[in-house]
Amino acid sequence: SKKDSLRQNNFGGVVTGPLVIPKVYNGKNKTFFMFNYEGNRIRRTDTALARVPSLKERAGDFSETARQLVDPLNGQPFPGNVLPASRINQISRNIATFYPEPNQPLLNGSNYTANAKGVTNFDIYTGRVDYRISDKQNVFGRFTWQDTYEIQTSFDQGATLPRQGNTFFQPLGRNAAISDTYVFGPRVVNEFRVGFNRLIGGIYDETYGRDYAKELGVTGVQSSFFPKPERFGWPRATVTGYSTIGSTGFSAQKRIDNT
């Protein structure tokens, strides 16, 4: 069988030195700067086996299913294991369309080989300026900006179908600091420092932004009570005998921490 692919690239660089702007400012031996960038890119493909409805089953024809289907209204078997079209709920029809069609014969309980792509983009920038006021006093300012974007397949957490993972925008980091150091004497040094740190964390369904539940006619899910785009997405649904559709169990969340 074909192995899952994995490609990872790490790159970055740093530039530092005295701050010199020709004909404008000469900071030699007085003002220094530093700029750093680091990036990371990961692309991977994960594979899993799943059980999805066959074309016949989508139309209500379960004649190829070993188990006899019984009409819950009268307790009698459905002739030929075929459900009358009038007895198929419209929401059920809509949910069935989200399943991909089989791409292999049914074998050992699976008739679909799923290939899902995982993505990680990480970027961090840091800038710093040091200024030497005198032999006794130095100040500096620093700012860091970090962004992360990630899509996980969640195949290692029970998901078996594509687009059933979680989308992570976490963490998005912002950090700033200012410091002033003054030397009073050989035994006394004072440093004043103030900083600010912000961490923005968001975990969303990969299909967030679209209210599938409303389109399907499904009520009682979190998007019904909290109609915000980050809480939209495909509702988790379990159909006996088939792979679960909808993201792995978690609640969409967004948090902002400031310190």
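- Between Tyr212 and Phe98, the two ring planes are perpendicular [angle over 60°; tilted spans 30° to 60°].
- Between Arg128 and Asp130 there is a salt bridge, since a side-chain N of the basic residue sits under 4.0 Å from a carboxylate O of the acidic one.
- At least one side-chain heavy atom of Arg41 sits less than 4.5 Å from a side-chain heavy atom of Asn121.
- The hydrophobic cluster containing Leu83 also contains Ile95, counting ILVMFWY residues as joined when their side-chain heavy atoms lie under 4.5 angstrom apart, directly or transitively.
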**Asked** Is there a side-chain contact (heavy atoms from CB on, under 4.5 Å) between Ile178 and Arg193 once you walk through the steps?
**Response** CA-CA 6 Å; Ile178 298 175; Arg193 179 175 294 192; over 6 Å; no

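- Taking each heavy atom of Asn258 and Phe196 in turn, the nearest pair found is OD1-CZ, 3.7 Å.
- Paired with Asn175 under the rule side-chain hydrogen bond (donor to acceptor under 3.5 Å, both in side chains), one option of Arg198, Gln146, Arg142 passes, and it is Arg142.
- Looking only at atom types and distance, the side chain of Asn115 has a donor-acceptor partner in the side chain of Thr47 under 3.5 Å away.
- Minimum interatomic distance between Ile133 and Lys30 (heavy atoms only, all atoms of both residues): O-NZ, 3.8 Å.
- Counting all heavy atoms, side chain and backbone alike, Ser54 lies closest to Pro102 at CA-CG, 3.9 Å.
- Screening Val139, Val189, Asn190 against Thr181 for a side chain to side chain contact (heavy atoms under 4.5 Å, CB included) leaves a single residue, Val189.
- Within 6.0 Å of the CG atom in Asn108, the count of heavy atoms belonging to other residues, nucleotides or ligands does not exceed 12.
- Closest heavy-atom contact between Ile91 and Leu216: CG1-O, 3.2 Å.
- Using a 4.0 Å cut-off between charged nitrogen and carboxylate oxygen, Arg87 and Asp71 count as a salt-bridge pair.
- At a cut-off of 3.5 Å, with distance as the only test, no side-chain donor of Ser243 or Tyr99 sits close to an acceptor on the other residue.
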**Request:** List the steps and the verdict of side chain to side chain donor-acceptor pair (under 3.5 Å) for Tyr149 and Thr120.
**Result:** CA-CA 6 Å; Tyr149 172 81; Thr120 298; over 6 Å; no

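- Residues Lys136 and Tyr182 have side chains in contact (heavy-atom distance under 4.5 Å, counting atoms from C-beta outward).
- Residues Ser179 and Glu191 approach most closely at OG-OE2, 2.9 Å, considering heavy atoms.
- Across all their heavy atoms, Arg93 and Ala85 have their closest contact at NH2-O, 2.9 Å.
- Two rings, from Phe35 and Tyr37, have their centers 6.0 Å or more apart.
- Every residue was checked against the ring-ring contact (aromatic ring centres under 6.0 Å, His included) condition with Phe192, not counting sequence neighbours, and none meets it.
- Between the side chains of Tyr242 and Glu57, at least one donor N or O sits under 3.5 Å from an acceptor N or O.
- Checking each of Val129, Thr126, Val15 against Met34 for a side chain to side chain contact (heavy atoms under 4.5 Å, CB included) leaves exactly one that passes, namely Thr126.
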